[in-house]
Amino acid sequence: MVNWTYLLLVLLNVDLIFGVELTFELYDNAKDCFYELIEKNTSVTLEYQVVTGGQYDVDVIMHGPNGHPLYQQQKSQFDSHTFVAPESGAYAVCFSNEFSTFSHKVVYMDFQVGEEKPLPSVGEHITVMTLMESSSLDIHKKLSIVNDFQTHHRLREATSRKRAEDLNQTVFWWCFTETCVILFTMIGQVLVVRNFFSDNRSVRSGGRKF
């Protein structure tokens, strides 16, 4: 059996040290929360997607340092939310699968805090950037966009592959059940017809002996 969590971690090249982008397994009747210390007036973007499992939906809620909910969705498959931190402190993002009794899910989360760090020796310029530095910065931005597109395409590919495998398994068991029903029906018909002719032979032979 394929370990989807491990496969997605390899495909997405997740950087778990900074906790910016990760894929995790959310078990049935479970709730997982992630915490991040965020300074006031910092731009924050939360993006998530249910990759596999059940109806591909989870409950999501984000709490601020004061415990008040800043974002909340129920049975959501995917979404993106951007906001500015109103105060400094620990922010919590919780994913809940408590409404599911038997299906666990794999969830992808991208939690971006603040602006991306500038390139070394490029973002610290006081004077006008040279043509080479400007080109390097432009290439860096385009590569970041390409990386985001690749991540989303990998997620879609993994989701589509899992859906196709589930459909293939459903079709297999449906065909297997139909085949068994046909075989049992055929064997039953043969036995009934055979028993019918056996009864006729017994009646005829009994009449001659009498």
Side-chain angles (χ1 to χ4, degrees), residues 1-38 42-83 85-87 89-114 147-177:
M1 182 179 293
V2 179
N3 190 328
W4 285 98
T5 303
Y6 176 76
L7 178 61
L8 289 172
L9 286 175
V10 174
L11 289 177
L12 296 176
N13 191 20
V14 179
D15 188 1
L16 294 177
I17 298 176
F18 299 99
V20 174
E21 185 178 4
L22 58 87
T23 306
F24 62 96
E25 192 168 5
L26 185 62
Y27 293 94
D28 51 289
N29 295 317
K31 182 178 180 181
D32 289 341
C33 295
F34 303 89
Y35 300 87
E36 182 75 18
L37 292 175
I38 303 176
T42 302
S43 177
V44 181
T45 300
L46 170 66
E47 184 176 359
Y48 64 90
Q49 178 178 341
V50 181
V51 183
T52 63
Q55 298 298 321
Y56 298 83
D57 53 355
V58 292
D59 293 341
V60 184
I61 185 169
M62 176 184 291
H63 292 284
N66 53 11
H68 295 163
L70 301 174
Y71 170 81
Q72 186 173 2
Q73 290 288 337
Q74 291 184 344
K75 294 186 177 180
S76 175
Q77 296 182 354
F78 60 88
D79 197 11
S80 179
H81 177 65
T82 302
F83 68 99
E87 57 182 316
Y91 287 75
V93 181
C94 296
F95 296 87
S96 174
N97 193 31
E98 295 175 330
F99 58 85
S100 179
T101 56
F102 60 89
S103 61
H104 64 275
K105 297 162 185 177
V106 175
V107 182
Y108 163 81
M109 181 187 71
D110 186 8
F111 196 59
Q112 300 178 2
V113 179
N147 184 46
D148 291 338
F149 275 113
Q150 287 181 338
T151 299
H152 286 89
H153 282 303
R154 286 177 181 135
L155 288 171
R156 292 175 183 174
E157 190 275 334
T159 303
S160 300
R161 180 183 295 273
K162 187 62 172 62
R163 288 180 184 268
E165 290 181 354
D166 292 341
L167 179 61
N168 180 57
Q169 188 177 12
T170 303
V171 172
F172 169 77
W173 286 112
W174 178 262
C175 295
F176 178 78
T177 303

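Since the model is a prediction, treat every value here as computed from it, not as a measurement.
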Could you tell me which non-hydrogen atom of S103 sits nearest to which non-hydrogen atom of G54, and how far apart they are? OG-CA, 3.8 Å

Using modelled atom types only, decide if a donor and an acceptor are shared between the side chain of N97 and the backbone of N29 within a distance under 3.5 Å. no

Between K105 and D57, does the salt bridge (Lys or Arg N to Asp or Glu O under 4.0 Å) criterion hold? Intermediate values first, please. CA-CA 8 Å; K105 297 162 185 177; D57 53 355; 3.0 Å; yes

Within a reach of under 6.0 Å around OH of Y27, are more than 12 heavy atoms found that belong to other residues, nucleotides or ligands? no

Partners of Y35 by side chain to side chain contact (heavy atoms under 4.5 Å, CB included), sequence neighbours excluded? C33, A92

Considering all heavy atoms of both residues, which atom of L46 and which atom of M109 are nearest to each other, and what is their separation? CD1-CG, 3.8 Å

Any donor-acceptor pair under 3.5 Å linking the side chain of D28 with the backbone of S100? no

For D79, the side chain to side chain contact (heavy atoms under 4.5 Å, CB included) test, sequence neighbours excluded, returns Y48, Y71, Q73, S76

Measuring only between side-chain heavy atoms, which start at C-beta, is V107 closer than 4.5 Å to V58? yes

Smallest separation among heavy atoms of Q55 and Q77, with atom names: O-NE2, 3.6 Å

Looking only at the aromatic ring of each residue, does the gap between the centers of Y108 and F24 stay below 6.0 angstrom? no

I'd like to check the side chain to side chain donor-acceptor pair (under 3.5 Å) partners of H81; sequence neighbours left out, ordered by chain and number. none

Output the distance between atom CD1 (I61) and atom NZ (K31), rounded to the nearest 0.5 Å. 6.5 Å

For G89 and P65 the tightest heavy-atom approach is CA-CG, 3.7 Å

Once the angle between the rings of F176 and W173 is folded into 0 to 90°, is it parallel (under 30°), tilted (30 to 60°) or perpendicular (over 60°)? perpendicular

Do Y91 and H63 have side-chain heavy atoms sitting under 4.5 Å apart? no

So that I know where these two stand, are F78 and Y56 an aromatic pair - ring centroids less than 6.0 Å apart? no

Residue list, side chain to side chain contact (heavy atoms under 4.5 Å, CB included) with A90, at least two apart or on another chain: L37

How long is the span from the CD atom in Q49 to the OG1 atom in T52, to the nearest 0.5 Å? 10.5 Å

Does any part of the side chain of S80, heavy atoms only, come nearer than 4.5 Å to the side chain of T45, both counted from C-beta? yes

Counterpart residues, side chain to side chain donor-acceptor pair (under 3.5 Å), relative to N66 (two or more places apart): H68, E87

Non-hydrogen side-chain atoms of V106 and L26 separated by less than 4.5 Å: no

Rounded to the nearest 0.5 Å, how far does CD of Q112 lie from OG1 of T42? 13.5 Å

Test side chain to side chain contact (heavy atoms under 4.5 Å, CB included) on V93 and F95; report intermediate values, then the result. CA-CA 7 Å; V93 181; F95 296 87; 3.6 Å; yes

Is any side-chain heavy atom of F111 closer than 4.5 Å to one of M62? yes

Considering residues at least two apart in sequence or located in another chain, which fulfil the side chain to side chain donor-acceptor pair (under 3.5 Å) criterion with S43? none

